[in-house]
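Since the structure comes first, as structure tokens, the remarks are kept for the end.
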There are 2 protein chains.
Amino acid sequence: MNSGAQLDCSAPSVHRKICIQMTDVDSQSGRAMLKLRELLLRGDFHPGERLSELPLVARLGVSRTPIRLALQRLAHEGLLEMVPSGGFQVREFNLTDIWDAIEMRGVLEGTAARLAAERLGDPVEMRAIRDLQQQMDTTTLDTAESFASYMDLNEAFHAAVGDLAKSPMLIRSLAYVKTLPFAAPSAMVYARSKLPKAAALFIIGQEQHHGLLEAIEQRQGSRAEALAREHARLARRNLESVLSDQAILSCVPGASLIKFSRAARQ
Amino acid sequence: MNSGAQLDCSAPSVHRKICIQMTDVDSQSGRAMLKLRELLLRGDFHPGERLSELPLVARLGVSRTPIRLALQRLAHEGLLEMVPSGGFQVREFNLTDIWDAIEMRGVLEGTAARLAAERLGDPVEMRAIRDLQQQMDTTTLDTAESFASYMDLNEAFHAAVGDLAKSPMLIRSLAYVKTLPFAAPSAMVYARSKLPKAAALFIIGQEQHHGLLEAIEQRQGSRAEALAREHARLARRNLESVLSDQAILSCVPGASLIKFSRAARQ
DNA sequence: ACAGCGGAGATTGTATACAGGACGGAAGTT
DNA sequence: AACTTCCGTCCTGTATACAATCTCCGCTGT
């Protein structure tokens with residue numbers, strides 16, 4: 001698993017997967033947004049740096065209008081923030097922000113799991129998510145392709161829990177917290193694979209998936225909620241481990257936007 | 001309390017308070033957004049109706065550019081949705097959406113309360129929120145001004161719990177769910193005052209506020225979370241009562257965007 | 001009568017021009 | 001030497017022009 005040799009953190013196939021789109025690609029503004037987001041996550045801009053529109057015209061190859069649109073959308077996503085006097089600047093995150101963002105995801109996914117348990121009609125509804133779980137169990141995790149596949153399955157699994165909750169509003173809020181690059185379910189998965197204890201972490205994660213489905217199936221809402229929260233905290237523990245190795249940290253998307261204050265955490 | 005005589009639901013002083021701004025008023029796009037949001041909440045457009053830009057130019061008195069901006073912001077807020085082929089249309093909500101939106105607020109405010117309890121440093125930090133609580137306790141609730149004051153205090157109280165959580169990320173998510181008009185803490189308060197059992201409901205609400213502060217002060221995170229969730233469910237019970245009276249329902253901002261399906265609820 | 005097709009009008013997405021304001025540097029004053 | 005003030009440059013916000021595309025209506029053919 002822990003390949004070690006080449007630490008191809010900037011492998012585009014991996015980062016691209018993390019990057020949710022949620023926009024039409026076949027429009028200037030959509031392309032501008034995706035391109036700009038990729039630049040931001042790749043670390044082409046410093047946190048706090050002001051993004052002027054004119055330089056972006058040359059860099060992205062589109063007019064100011066779609067760039068304005070892209071900037072505003074990214075501000076809504078949370079990667080940028082508007083400055084009071086006008087314009088936008090790159091947002092700076094600290095470790096507490098990431099910590100709390102993952103906690104928020106855990107809370108919302110916990111709610112999704114609880115609602116899924118409370119609202120489950122026929123156990124047949126769980127067939128799709130059971131299928132995802134079994135596919136993840138049988139993923140070998142020895143090649144780059146199997147990693148990408150695992151990340152896809154993981155994203156799909158978490159989305160499926162949201163679907164079982166049968167609440168558009170919840171899915172909406174969940175999508176919102178996931179827009180932050182390091183709060184997505186698979187954000188830490190790739191970095192995790194580089195850790196020494198990677199194998200153990202994957203086993204724990206799968207065990208939590210299993211327990212979660214069991215709780216939902218047996219309509220144990222409170223247990224499902226607790227398990228989903230704990231599952232998100234596994235990502236936080238990953239983060240904790242990843243912090244010790246700068247090389248691995250750079251695998252986390254948007255790591256360049258993190259400001260490390262002297263106090264390690266809290 | 002229950003004035004009954006004049007049911008001035010469209011009293012602008014009240015609706016204006018519900019409408020969060022979060023934008024600069026002294027710009028064309030900011031004004032366009034506020035004006036358009038007011039039109040939407042007042043029910044000037046049908047759910048599902050497509051909003052073309054040109055008619056809005058005449059109606060709002062600004063050019064297409066700021067209108068485009070306002071439309072996009074309102075889509076992010078959730079009042080509009082973009083149609084795949086281009087443009088925006090008024091979003092339609094059903095009762096389950098409102099139900100779940102309030103539940104989501106409860107979950108996030110519950111998390112805020114838990115974090116507030118877990119992260120409370122010195123009990124002195126609670127002086128401001130204690131002050132708000134006492135002011136609410138002594139509010140008479142017999143005049144329109146006292147209502148407005150109560151709603152302000154209520155909003156401030158809920159915001160203060162968020163501040164105590166010391167988590168910008170949580171405040172961000174909380175702000176997001178509150179953008180939906182009927183999910184704000186004070187959305188149901190005004191309509192509630194028209195209910196027969198208004199006095200009892202206010203007493204219950206105040207009691208919950210009191211218990212919440214006690215739990216936070218004694219660092220009882222789990223209890224604080226449960227109380228905050230239950231407090232939001234009081235708003236849901238208000239909604240349930242309000243639904244029985246069409247006249248009172250129209251006091252809820254954005255009520256005209258609600259589609260009532262044959263199944264009353266769930 | 002109904003489905004498929006075509007064209008005209010309307011509407012959005014994009015580019016660009018213009019104006020007002022913000023920021024920074026330089027010069028003058030205390 | 002430091003502070004203030006003024007001016008120039010840059011930048012954003014706004015308006016508008018243009019083009020591509022979508023929608024809707026009427027027409028025609030089966």
Side-chain angles (χ1 to χ4, degrees), chain A residues 20-40 44-92, chain B residues 20-40 44-92:
Chain A
I20 11 82
Q21 327 207 48
M22 216 170 92
T23 181
D24 51 352
V25 185
D26 54 332
S27 77
Q28 296 288 65
S29 55
R31 274 190 296 273
M33 180 182 174
L34 291 175
K35 225 167 166 178
L36 189 50
R37 178 159 49 187
E38 198 173 329
L39 291 180
L40 282 165
D44 278 29
F45 303 100
H46 307 289
E49 181 178 348
R50 183 167 181 171
L51 288 185
S52 296
E53 296 170 4
L54 261 59
L56 291 176
V57 169
R59 195 153 187 180
L60 301 181
V62 294
S63 159
R64 269 187 63 207
T65 307
I67 284 180
R68 276 183 87 65
L69 222 62
L71 287 171
Q72 179 158 0
R73 286 193 196 170
L74 289 170
H76 273 284
E77 277 193 11
L79 283 177
L80 303 178
E81 57 191 358
M82 28 187 327
V83 327
S85 66
F88 299 88
Q89 66 184 27
V90 181
R91 183 149 161 211
E92 176 177 289
Chain B
I20 10 82
Q21 328 206 46
M22 214 170 92
T23 179
D24 52 353
V25 184
D26 53 332
S27 77
Q28 295 290 66
S29 55
R31 270 190 298 273
M33 179 182 175
L34 291 175
K35 226 168 165 178
L36 189 50
R37 177 158 51 187
E38 200 173 328
L39 291 180
L40 283 165
D44 278 29
F45 304 100
H46 308 289
E49 181 178 347
R50 184 167 182 172
L51 288 185
S52 295
E53 297 170 3
L54 259 59
L56 292 176
V57 168
R59 195 155 185 179
L60 301 180
V62 294
S63 160
R64 269 185 63 206
T65 308
I67 284 178
R68 277 184 86 66
L69 223 62
L71 287 171
Q72 178 157 0
R73 286 194 197 170
L74 289 170
H76 274 285
E77 277 193 10
L79 283 177
L80 303 179
E81 55 190 0
M82 25 187 331
V83 326
S85 66
F88 299 88
Q89 66 185 27
V90 180
R91 183 148 160 212
E92 176 177 288

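Each chain gets a letter, A, B and so on, in the order the sequences are listed, and its residues count up from 1. Nothing here was measured: the structure is a model prediction, and the numbers come from that model.
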Dump the pairs, protein N or O against N or O of nucleotides 5-9 of chain D, anything under 3.5 Å, distances to one decimal.
none

Test log, rule side-chain contact (heavy atoms from CB on, under 4.5 Å), inputs B:His76 and A:Gln72: CA-CA 10 Å; B:His76 274 285; A:Gln72 179 158 0; 5.8 Å; no
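Under a 3.5 Å cut-off, the side chain of B:Glu49 and the backbone N or O of B:His46 do form a donor-acceptor pair.
Residues from residues 78-86 of chain B placing a heavy atom under 4.0 Å of any atom in DNA chain D, listed by number, are B:Ser85. Within a heavy-atom distance below 4.0 Å of DNA chain C, no residue of residues 47-60 of chain A is found.
When the C1' atom of D:dG13 is taken as reference, atom CG of B:Asp26 falls 12 Å away, rounded to whole Å. Counting to the nearest Å, the P atom of D:dT14 and the CZ atom of A:Arg64 are 11 Å from each other. Atom CG of A:Leu69 is separated from atom C1' of D:dG13 by 14 Å (rounded to the nearest Å). Separating the CD1 atom of A:Ile67 from the P atom of D:dT12 is a distance of 10 Å, rounded to the nearest angstrom.
Annotation: the span from B:Arg31 atom CZ to B:Leu60 atom CG amounts to 11.5 Å, rounded to 0.5 Å. Taking CG of B:Leu36 as the reference point, atom CG of B:Asp44 lies at 10.0 Å (rounded to 0.5 Å). The distance from atom OG of A:Ser29 to atom CZ of A:Arg73, rounded to the nearest 0.5 Å, is 5.0 Å. With rounding to the nearest 0.5 Å, the separation of CG in A:Leu39 from CZ in A:Arg59 is 5.5 Å. Between atom CD1 of residue A:Ile67 and atom CD of residue A:Gln28 there is a gap of 10.0 Å, rounded to the nearest 0.5 Å. In this structure, CG on B:Leu40 lies 14.0 Å from NZ on B:Lys35, to the nearest 0.5 angstrom.
Between A:Ala32 and A:Pro66 the shortest heavy-atom distance is CB-O, 4.4 Å. Between B:Val57 and B:Ser63 the shortest heavy-atom distance is CG2-C, 4.2 Å.
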Give the table of side-chain donor-acceptor pairs shorter than 3.5 Å for residues 85-92 of chain B, with sequence neighbours excluded, one pair per line with atom names and distance.
unit_1	atom_1	unit_2	atom_2	d
B:Gln89	NE2	B:Glu81	OE2	3.1
B:Arg91	NH1	B:Gly78	O	3.1

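For the pair B:Arg37/B:Leu34, a side-chain contact is recorded, criterion being any heavy-atom separation below 4.5 Å from C-beta on.
For A:Ser52, the side chain to side chain contact (heavy atoms under 4.5 Å, CB included) partners two or more places apart in sequence, or in a different chain, are A:Pro55.
At the heavy-atom level, A:Ser27 lies under 4.0 Å from the strands shown only through sugar-phosphate atoms.
In the 5' to 3' direction, nucleotides of DNA chain C lying under 4.0 Å from heavy atoms of chain B begin and end at C:dT12 to C:dT14.
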